[in-house]
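Whatever order the structure lists ligands and atoms in, that order sets their numbers, starting from 1. On a predicted model such as this, the values are computed, not experimentally measured, just so you know.
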Amino acid sequence: MWWFLTISLLTLLYYIWQKQGSMGKKYLICMPHLPILGSLPYMNFHDPAHVYFTKLKEKYGNTFAFWMGPQYSVVVNHFSAAKEVLLKKGKDFASRPRMVTTDILSGSGKGIAFSEYGPQWRMYRKLVQSSFSLLKDGSQKLEKLICQEANTLCKSLAAAQGKIQDPATDIFLASSNVICQFCFSSSWNKDDEDFEIMMDYSNNILKTLCKDSLVDIFPWIQLFPNKDLALLKDSVTLRNELLKKKLEIQKEKFNIDSVNNLLDALLKAKLDSDNPLVQEPEITDEHILMTVGDIFGAGVETTSTVVRWCIAFLLHHPQVKEEIQKEIDQKIGFGRTPVLSDRNQLLHLESTIREVLRIRPVAPLLIPHMAWTDTSIGEYTIPKGTRIYINLWSIHHDPTQWNEPERFMPERFLDKNKDQLIIPNASYFPFGSGPRVCVGEFLARSELFLFLAWILQRFDLEVPDDGELPSLDGLSGVVFQIIPFKLKVKLRKGWREAELSA
Ligand code: PLO
């Protein structure tokens, strides 16, 4: 009886407290919620979060609120509100919520992907951005670098020609080496121990990070034994050891007059900031490691996943693959390998990449944003500290913007005459937008184009003899992964003949 009375009283006080705070302000429609547990008892955990939030649109509208345990949170399902959050009021919403799992990965909010908005984040982000320009011109030309890895990738695929293979490791190696060159000017072989360790820990981090697991909602849960958290901690320790090793090597080689990679650029910035006249946020080894760790992790996991999604969709749609190859044969032939400037020529390949990024966005809920000041979305008040989930899945599958959004149709990114690439509507931003837009977008797009162009020029990709097509369901998480699949790779006749006559 006493229990019942106490709980009823607490619930009543909670609602009165909420109502008082909201006088004169307009709040978003909110899912039902209870004290402490928030809306969790009313939520369905069968569907992946991005699909569930898309379904809730019917009931609560495009933008609605819910309580993730004690945390007031907002879901944005439509591009116009998303643009307001990411671009128009981008600064207000440019922070990140602190979560137990991302704190473990980022050494308590260091680096650039998961850190809060502020001068420190801005400085590291600028440093990373200017390092990317090292790639655009300079000795380590981006194109040369990617083509070198595309060449190794094609050789490995050719070595297992005719057999049934899962291309995941070879593709992962290729994208890892591009980003490894950018970060540390080094690369791995397929059988290097460090490469295997990296592939393993990276996979385990993806399985456990930012999954809206209970520990990210109720941090006190970490006080109890937790298998996933232990796996994440062990994986992050392995990652940090690997990064530290790279940092020590780079420190020994470091020459301030020759900045060749991201780590060099950060070490140089650290030296410059040791000057007491320069008033900038402090640059420490730990911050450097976490920043490189973010870029490295993002470069490794995202590109290789998208290349595999592209291959999977092409196995489902062989006619699209044929169209791409026809265009490669006409515009490039077999006399030379593809280069970046072919991008304006290979419209079918480019439109396919765009469509894959639409239908299977790399991060269907982006990384959660957080309002670091009191602000608003439209006429609705958004208090400081609100978590914002931008539902890219819903935005990219919005039936009012996309005709048959569930259908794979690369031609939607071509004009009527099919001779020009277009973005058919504004409900599309696979790399995010605004202050937190992906810093590696240029690198990612270049890699996707070159890896796929090299593969499709040389090989026919076929479904294994048992006819099993890849699953297009995916595994949700901070990166929307593809379920491993197998395929048969065959050298194309034209390529073989060209090789013989060379
Ligand atoms: C991938 C696993 C790595 O071991 C660690 C890592 C660092 C940065 C993360 C990345 C992971 C996943 C993709 C992320 C990236 C930062 C930006 C990128 C989340 C977890 C995206 C898609 O937003």
Taking NZ, NE, NH1 and NH2 as the nitrogens, is one of them in [X] or [Y] under 4.0 Å from a carboxylate oxygen of the other?
{"X": "Arg445", "Y": "Glu441", "value": "yes"}
{"X": "Lys244", "Y": "Asp285", "value": "no"}
{"X": "Glu116", "Y": "Arg96", "value": "no"}

Side chains of Asn77 and Asn62: donor-acceptor distance under 3.5 Å anywhere?
-> no
Would you tell me whether Ser446 and Glu143 have side-chain atoms, one donor and one acceptor, within less than 3.5 Å of each other?
-> no
Quick one: do Trp309 and Phe480 satisfy ring-ring contact (aromatic ring centres under 6.0 Å, His included)? Show the steps, please.
-> CA-CA 10 Å; Trp309 273 118; Phe480 194 41; 5.7 Å; yes
Enumerate, one pair per line, all nitrogen or oxygen atoms of ligand 1 lying under 3.5 Å from a protein nitrogen or oxygen, stating the separation to 0.1 Å; write 'none' if no such pair exists.
unit_1: ligand 1; atom_1: 4 (O); unit_2: Ser202; atom_2: OG; d: 3.2

